[in-house]
There are 2 protein chains.
Amino acid sequence: MKSPIPDATVARLPLYLRCLSELRSPDEHCSSDDLAAAAGVNSAQVRKDFSYLGSYGTRGVGYGIDDLAAQLRKVLGLDTKNPVMIIGAGNLGSALANYKGIDTWGFDIVSIVDIDEAKIGEEVDGLTVESIDNIATIVAARSIDIGVIAVPARAAQDVADRFVDAGITSILNFAPTVIHAPVGVTIRRVDIAVSLGILAYHKAEEERRA
Amino acid sequence: MKSPIPDATVARLPLYLRCLSELRSPDEHCSSDDLAAAAGVNSAQVRKDFSYLGSYGTRGVGYGIDDLAAQLRKVLGLDTKNPVMIIGAGNLGSALANYKGIDTWGFDIVSIVDIDEAKIGEEVDGLTVESIDNIATIVAARSIDIGVIAVPARAAQDVADRFVDAGITSILNFAPTVIHAPVGVTIRRVDIAVSLGILAYHKAEEERRA
DNA sequence: TAGATTGTTAATCGATTAACAATC
DNA sequence: TAGATTGTTAATCGATTAACAATC
């Protein structure tokens, strides 16, 4: 039941991949020290993370840049992307859809829907905003299994229910509220302001001490 | 040097505050069990978190809802808000500015700037987008000490440098790249896609096992 | 007093990091 | 061989949770 690669490690893989492409040096290898410096993490962390993927480095030499990048892409599933639907074509939904361009995560946003008639038909990063009423059809037709909620808090539970009815089993909730779903459906909640809040808290704490 | 309240706890406080207002029951108290159910966490977690704020419950009775809410607001600094500047008036910057409305975090977005002439003068959640060239003046005039980077990766380092020049010492970076700053400047990086990536990874892992 | 619920301790779990033997 | 760097172990750290004495 336990995932073979810890979440904290999964979260760092795209960062490594980005750093690798920037780090491309004349020689074909890089050390965990190089990568750690570029990514801003500890070098033991880097080696530990890579050990979960299997071993791909050479002692005394380092990691083959191309090999490593290929391995990271494979683990992240950048070849066989997960089709994702976003509900909510507002700023947050659009920001997420545009993030698709980054392409260092193994998913693919294939549909963005909204309840607002005015938004339906608009273009968001190459996708046409569709009506929320069609989600069951769209989900089935495009084999979508991950849904993203990017609507205001008051609409979140209703949207989640629609996702569940449509057969979605993994939901990411960006609305600042707790939503409920039947067992068998995985829900993750994300508060985009949480890091800002923690930063502000530390700042205030620092001043209190001074 | 260590913060008295763990980050993980700080991250949950706004959630508790929101749940409290929804939970407002006829009587004036709620138990850690009630709150845990509403917030989707363990009840021991709730009590432990509150113990960091000092003790505010009554054994055998629970927590006074108003007392607890007031205490949460105080710790989060909702009275003396931190002035925040956002650089980048695109979808992500706008989404963050609109998050301000939630008001369960102790900060206040007082300025949003952009480099794009076309965006300057636009309204975003009641703020007029200003020119990035004026940030030094704006930062000084409005006592801003937290800066948020919501621009594409290629512009992030330049924007960070401008923040540092303007005297900002806490930076939150939403661009998918690592940026560098002199010692004394705190930088936090946020990847808004990370949770989606982890969700997709678990999904794929689950299928692999099945 | 009896029942309920806190506050705290101790156990557990997971993630980070220092250290170093293995080995290229 | 000598130098460099991995892969892994063990120590450390921090966060979660079960359990229960304290006490309203």
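Naming: A, B, ... by sequence-line order, numbering from 1 per chain.
No donor-acceptor contact under 3.5 angstrom links the side chains of A:Gln71 and A:Asp67, judged on distance only.
In this structure, B:Thr9 reaches neither bases nor backbone, as no heavy-atom distance under 4.0 Å exists between it and the strands shown. B:Phe50 comes within 4.0 angstrom of nothing in the nucleic acid, heavy atoms only. Across all strands, B:Tyr56 comes closer than 4.0 Å only to sugar-phosphate atoms, never to a base (heavy-atom distances).
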Hey, mind stepping through A:Tyr16 and A:Val41 against side-chain contact (heavy atoms from CB on, under 4.5 Å) and telling me if it holds?
-> CA-CA 10 Å; A:Tyr16 293 143; A:Val41 301; 4.0 Å; yes
Kindly determine whether B:Phe107 and B:Val148 satisfy side-chain contact (heavy atoms from CB on, under 4.5 Å), including the steps that lead there.
-> CA-CA 12 Å; B:Phe107 55 81; B:Val148 175; over 6 Å; no
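Protein atom CG of B:Asn42 is 18 Å distant from nucleotide atom P of C:dA11, rounded to whole Å. Look at CG on A:Asp7: it is 17 Å from P on C:dC13, rounded to the nearest Å. B:Gln45 places its CD atom 15 Å from the P atom of C:dG7, with the value rounded to the nearest Å. Here D:dT5 presents its P atom at 14 Å from CG of A:Leu35, a figure rounded to the nearest Å. What separates CG of B:Asp33 from P of C:dG3 is a distance of 18 Å, to the nearest Å. A straight line from CG of A:Asp34 to P of D:dT5 spans 8 Å, rounded to a whole angstrom. Going from atom CZ of B:Arg12 over to atom C1' of D:dT17 covers 11 Å, rounded to whole Å. Straight-line distance from the CD atom of A:Gln71 to the P atom of D:dG7: 12 Å, rounded to whole Å.
The phosphate of D:dT5 (OP1 or OP2) has no side-chain N or O of A:Ser32 nearer than 4.0 angstrom. For the OP1/OP2 pair of D:dG7 and a distance below 4.0 Å, the side-chain nitrogens and oxygens of A:Tyr63 include at least one atom meeting the criterion.
The side chain of B:Arg47 lies closest to D:dA19 when the candidates are C:dT16, C:dA19, D:dA19. Which of C:dA19, D:dA19, D:dT6 sits closest to the side chain of B:Ala44 comes down to D:dA19.
Each of A:Lys48, A:Arg47, A:Gln45 was compared with A:Ser32 under the side chain to side chain donor-acceptor pair (under 3.5 Å) criterion, and only A:Arg47 meets it.
Nearest heavy-atom pair across B:Ile171 and B:Ala160 is CD1-O, 4.2 Å.
Evaluation of atom-type donor-acceptor distances gives a pair under 3.5 Å for the side chain of B:Arg59 against the base of C:dT6.
Judged by Watson-Crick or G-U wobble contacts below 3.5 Å, the nucleotide C:dC24 has D:dG3 as its partner. Across all strands shown, C:dT17 pairs with D:dA10; the Watson-Crick or G-U wobble distances both stay below 3.5 Å.
When each of B:Val61 and A:Asp49 is assigned the nucleotide of DNA chain C with its nearest heavy atom, B:Val61 is the one assigned upstream, toward the 5' end. Closest-nucleotide positions on DNA chain C for B:Lys48 and B:Ser31 were compared, and the one nearer the 5' end corresponds to B:Ser31.
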